[in-house]
Protein chains: 2
Amino acid sequence: MEAKDHKIPQFAVIKQYLEQQINTQQWAPGRRIPTEQSLADTFSVSRMTARRAVQELADRGILTRTQGSGTYVAEKSQSIPNLPIKDVVAVAKAEHSHKHKIISADAVQITSDIAKLMGLQTDTLVFQLTVVHLYVDRPIQWQKIWVNRSMAPALLKQKLDKVDPNDYLDWLCRPQKTDYQLKAVLPTASQRLQLMLSQQDTLNCMQLSRRHWSADAVFSFSIMLHPAESYYLGDELKEVQ
Amino acid sequence: MEAKDHKIPQFAVIKQYLEQQINTQQWAPGRRIPTEQSLADTFSVSRMTARRAVQELADRGILTRTQGSGTYVAEKSQSIPNLPIKDVVAVAKAEHSHKHKIISADAVQITSDIAKLMGLQTDTLVFQLTVVHLYVDRPIQWQKIWVNRSMAPALLKQKLDKVDPNDYLDWLCRPQKTDYQLKAVLPTASQRLQLMLSQQDTLNCMQLSRRHWSADAVFSFSIMLHPAESYYLGDELKEVQ
DNA sequence: TATTATAAGTTGTATATACAAATAATATGT
DNA sequence: ACATATTATTTGTATATACAACTTATAATA
């Protein structure tokens with residue numbers, strides 16, 4: 001773990017020092033740490049080198065900096081960082097093993113709950129699509145998409161059985177921002193049917209809700225359902241050794 | 001969205017340009033982008049300024065760089081970035097509304113599946129604790145922890161009803177690395193009981209598995225169960241406007 | 001032809017410097 | 001005592017330079 005034959009750069013040494021001070025609680029959260037200049041002096045490097053060490057820890061959220069004031073140890077994060085959740089459909093597409101099936105595609109009046117999430121008025125007309133995504137021939141995701149009609153007026157005129165509507169929408173209005181939410185749900189009977197889940201199969205699904213934004217408006221809202229016990233969602237913890 | 005009265009720094013301008021080229025597919029994944037020097041020349045800035053723009057995009061995984069070769073547009077990520085999952089227990093602790101209840105605390109022989117995950121031999125003695133975490137008086141998490149005995153030999157001698165064993169373990173062997181995995185599960189009868197879930201309540205739980213590493217060894221493995229429909233796990237999607 | 005040096009190109013690290021911008025402490029004036 | 005300037009401190013941006021480390025292309029050699 002240690003025996004590197006390569007020279008450790010100086011900014012990395014300072015970084016290690018800072019991390020150590022924080023991890024061993026020598027420097028408590030909220031505490032002000034030495035200035036860039038002071039670090040540069042003690043480690044006999046230029047300010048820019050010391051700065052890099054500090055900056056990289058700030059980028060990771062370990063330190064917070066404010067111009068004119070100083071650099072402080074960040075309060076302990078209350079969120080689990082970077083839980084890598086795989087986009088199973090993207091993986092399937094990358095492996096050229098993806099197919100999709102359009103269950104329904106209509107223009108409907110939006111319900112109030114979805115309207116609120118999309119920033120639209122209730123009863124606005126939106127496109128509503130139900131899609132099942134397959135890995136080879138096995139369903140891996142059930143998806144319902146609501147689309148802002150004014151931002152993709154020609155959606156239903158596309159050959160949606162050929163082109164995944166998600167791809168079309170991504171191409172048409174490239175998402176600037178994306179929102180996610182995750183929860184565990186029980187699938188409805190029809191969802192179970194469309195996901196081809198038998199009685200023996202798990203009763204649980206991971207439900208991912210997603211909003212795509214273009215500028216300041218939501219252009220699509222999706223609910224995506226994944227069979228829970230499958231290996232698809234979440235990184236498998238690898239065996240040690 | 002635009003009308004900033006502050007001057008936009010030059011590295012940000014270059015960053016924007018690069019992002020635009022990538023987002024509009026002008027530069028496809030895998031394509032080599034202009035060198036730092038070339039960017040510096042076209043934007044009439046120093047190489048270090050151009051470098052910063054490139055570097056920050058590389059830090060975000062949008063570009064990949066290899067010394068001696070060049071900088072390339074990264075292949076499309078197949079994982080959903082930065083899904084912010086709150087650590088509900090940490091939040092409860094921050095609000096000073098956290099209590100915990102030790103259900104059991106023993107030394108047991110490890111089963112083969114857990115042994116594999118912890119990198120230990122089957123039948124090794126480990127500490128096994130079952131803990132329920134409360135927000136004020138409501139259970140928000142059921143937790144089972146397996147602890148490498150050699151790394152925390154005095155664990156069971158602590159006043160575990162006073163000090164959360166997680167805090168003790170964090171203090172004793174500060175985790176260098178952490179692994180997570182997430183899935184949806186149905187709680188067992190006893191888990192439901194300990195989480196005080198009634199028949200009317202949701203049948204689903206989000207299960208988070210976590211490994212804490214110290215150097216190259218796993219020192220604890222936890223399974224944490226959260227009632228699913230609660231607001232605890234995952235960021236609530238906010239209403240627009 | 002195949003192998004091995006050599007050179008050129010590109011990113012990585014580091015320095016010394018300068019000024020801008022925000023904050024915090026001090027001095028000033030009423 | 002209070003409000004207002006002024007100054008000092010600290011981080012943010014930017015430049016020009018130098019050399020190290022690595023990759024790739026080219027030239028030299030067997």
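First the proteins, then the strands, lettered A, B, ... as listed; each starts at 1.
Nearest nucleotide to the A:Q67 side chain, out of C:dA20, C:dA14, D:dA16: C:dA20. When the nucleotides D:dT10, D:dT13, C:dT11 are ranked by their closest atom to the side chain of A:T35, D:dT10 comes out on top. Distances were taken from every side-chain heavy atom of B:M48 (C-beta onward) to each of C:dT13, C:dT10, D:dT13; the shortest belongs to C:dT13. Minimum atom distance to the side chain of B:R47 is reached by C:dT11, of the listed D:dT11, D:dT24, C:dT11.
Between B:E56 and B:R52 there is a salt bridge, since a side-chain N of the basic residue sits under 4.0 Å from a carboxylate O of the acidic one.
Using a 4.0 Å cut-off, no side-chain N or O of A:S69 falls inside it from OP1 or OP2 of D:dT11. Between B:R32 and the phosphate of C:dT10, there is a side-chain N or O to OP1/OP2 separation shorter than 4.0 Å.
Side-chain atoms of B:H212 do not come within 3.5 Å of backbone N or O of B:S222 as any donor-acceptor pair.
Nucleotides of DNA chain C nearest to A:G68 and A:R52 differ in position, and the one nearer the 5' end is that of A:R52. Each of A:Y72 and A:S44 was matched to the nucleotide of DNA chain C holding its nearest heavy atom; the match closer to the 5' end belongs to A:S44.
In this structure, a donor-acceptor pair under 3.5 Å is absent between the side chains of A:R211 and A:Q181.
In this structure, the CG atom of A:D41 is 13 Å from the P atom of D:dT9, given to the nearest Å.
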